[in-house]
Amino acid sequence: MELTAKLKKKGILVRHYDDERVCDYIRMTVGTHDEMERVLVALLEIENSYAGCKLSVTA
């Protein structure tokens, strides 16, 4: 998954499953407020590199 690879380059590891039911999703667990800010900044940077692409975040 391209997003997983881009996050890994930024030092953020996420879990991606190959199972057909969840293969279009990634799983992230964030521990601290500082880590959450780092993840959000990375996601915004990645989003900004795609014209017209918007990320969907659920909690």
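Not measured: the values here are computed from a predicted model. Side chains included, hydrogens not; waters and symmetry mates left out as well; all remaining heavy atoms used.
- Dense packing is recorded around NZ of Lys10, with more than 12 heavy atoms of other residues, nucleotides or ligands lying under 6.0 Å away.
- At least one side-chain heavy atom of Leu13 sits under 4.5 Å from a side-chain heavy atom of Lys8.
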>> Working note: Leu43 + Leu7, criterion side chain to side chain contact (heavy atoms under 4.5 Å, CB included); need CA distance, chi angles, decisive distance, verdict.
In response: CA-CA 8 Å; Leu43 289 171; Leu7 287 169; 4.0 Å; yes
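- The two residues Val30 and Thr32 make their nearest non-hydrogen contact at CG1-O, 3.7 Å.
- Residues Leu3 and Tyr25 are members of separate hydrophobic clusters, defined by side-chain heavy-atom contacts under 4.5 angstrom among Ile, Leu, Val, Met, Phe, Trp and Tyr.
- Put simply, Val41 and Ile46 are part of two different groups of oily side chains (I, L, V, M, F, W, Y) that touch within less than 4.5 Å, one to the next.
- Residues Met36 and Ile12 are members of one and the same hydrophobic cluster, defined by side-chain heavy-atom contacts under 4.5 angstrom among Ile, Leu, Val, Met, Phe, Trp and Tyr.
- Residue Arg15 holds its CZ atom at 11.5 Å from OG1 of Thr4, rounded to the nearest 0.5 Å.
- The hydrophobic cluster containing Val14 also contains Leu40, counting ILVMFWY residues as joined when their side-chain heavy atoms lie under 4.5 angstrom apart, directly or transitively.
- Closest non-hydrogen pair, Val39 versus Met28, comes out as CG1-SD, 3.7 Å.
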